[in-house]
Amino acid sequence: MKMSSRWNITGTGIQMLILVVALTAGAISGASASSIPEEVPHNPLEYDSLHAKHFDGGEHNAQFDHEAFLGPDESKKFDNLTPEESRRRLGVIVDRIDENKDGFVTLAELKNWVAYTQRRYIEEDVDRLWKQHNPEKNNSISWDSYRNTVYGFMDELSSQEREQEENGVSYKSLLKRDRNRWAVADQDLDDNLTREEFTAFLHPEDHPRMKDVVLRETISDLDKDNDGKISVDEYIGDMYRSTDEDDEEPEWVANEREAFSTHRDLDKDGYLNEEEVKLWIAPHDWDHSESEAKHLLFEADADHDDKLTKEEILDKYDVFVGSQATDFGEALARHDEF
């Protein structure tokens, strides 16, 4: 079985707090030693569940918005719906978003919905994995238990197999990353995680105390020569890898090089230091729910009055759900509202 990495995908925007790979039993339980996970972009807040960027070289990826609006799991369900059924189900969701029932969806209401989608995804994800790792319903999960469930197969591997890299990742490095993150999430230092601590371990983007470990993981991902700083080639290499030395870089790559020099490298020394990486991945006062809401409002606000009617949203149904849906479509269905 090929080992895959589990991503926490929520929110939107080019500059957001980074979620880094969090391996769980759902990710590699039962995995074999034959394959290391194919490396995916390090910033899932900029990518959809298929690892495609929200904006890539100027091209807009609508799937990102569908998942931000609905949630990554439920959005897949709209794939098999007709446009008519997509509009009908979206109409039910719009009625819920319109909190004061005045016939308009404001930026604040849309922001609240996107934030609600994120919270629900996290809660359901944590609930699923908590039950998976804690079938005896204890108050906490021990590191030894988690390690045995997720990485126990490593005990049968040779040292060479543990350290063998594929796509820049080894089993040993994945175990070390999870161990470090576990230690940071473990507030009372008993090497067990309560449900709250387990949530911080799985979803560090929602916990301020986890920002430093996310920063270290990000730098580790990018810093291929281990010199403690990020060169422009390392920065670009995380987003674009040419398959042929003679290939000409796309225009958007040139734009990213310019962004590195102009906006990222604040001291103009040719590298990103720790503080510059921090400002890049976790800019001050950044609200990804508001950013996504503004983007959706811009896409659908035909009369430019800074609010959306139900008709405007349904006319642009493909922006919000396409032929896809979220955890909320499922929630509505469970309550017979569809």
For residues Tyr271 and Asp227, is any side-chain donor paired with an opposing acceptor at under 3.5 Å?
no
Is it true that Glu124 and Arg120 make a salt bridge, defined as a side-chain N closer than 4.0 Å to a carboxylate O?
yes
From CG (Asn134) to CD1 (Ile141), nearest 0.5 Å
5.0 Å
Less than 4.0 Å between a side-chain N and a carboxylate O, is that true for Asp178 and Arg147?
no
Under 4.5 Å between any side-chain heavy atoms of His133 and Phe198, yes or no?
yes
CD1 (Ile236) and CD (Glu249) are apart, to the nearest 0.5 Å, by 6.5 Å
Answer yes or no: is there an ion pair linking Asp287 with Lys111, defined by an N-O contact shorter than 4.0 Å?
yes
Without hydrogens or angle criteria, can the side chains of Gln118 and His288 be said to hold a donor-acceptor pair below 3.5 Å?
yes
Asn148 side, atom CG; Asp155 side, atom CG - distance, nearest 0.5 Å
7.0 Å
In terms of ring plane angle, is the pair Phe260 and Tyr235 parallel, tilted or perpendicular, where the classes change at 30° and 60°?
tilted
Starting from the C-alpha separation in whole Å, work towards a yes-or-no answer on ring-ring contact (aromatic ring centres under 6.0 Å, His included) for Phe320 and Trp113.
CA-CA 12 Å; Phe320 293 86; Trp113 177 261; over 10 Å; no
Can a donor-acceptor pair be found, under 3.5 Å and without considering hydrogens, that links the side chain of Glu205 to the backbone of Val214?
no
Do NZ/NE/NH1/NH2 and the carboxylate oxygens of Arg177 and Asp221 come within less than 4.0 Å?
yes
Can we say Asp212 and Arg216 salt-bridge, meaning some charged N sits less than 4.0 Å from an Asp/Glu carboxylate O?
no
Identify which one of Ile219, Thr218, Ile230 satisfies the side chain to side chain contact (heavy atoms under 4.5 Å, CB included) criterion when paired with Glu274.
Ile219
How are the rings of Tyr151 and Tyr146 set relative to one another: parallel (under 30°), tilted (30 to 60°) or perpendicular (over 60°)?
perpendicular
Shortest non-hydrogen contact from Phe104 toward Thr309:
CE2-CG2, 3.6 Å
Enter the distance from Asp301:CG to Lys294:NZ here, rounded to the nearest 0.5 Å.
14.0 Å
Donor-acceptor side-chain pairing of Ser173 and Ser170 below 3.5 angstrom
yes
For atom CD of Glu196, decide whether the heavy atoms of other residues, nucleotides or ligands shown that lie under 6.0 angstrom number more than 12.
no
Is any side-chain N of the basic residue among Arg87 and Asp315 closer than 4.0 Å to the acidic one's carboxylate O?
no
Nearest 0.5 Å, please: how far is CG in Leu193 from CG in Asp186?
5.5 Å
Polar side-chain atom of Asp190 near backbone of Asp188 as donor-acceptor pair, under 3.5 Å:
no
Is Glu85 salt-bridged to Arg88, cutoff N-O under 4.0 Å?
yes
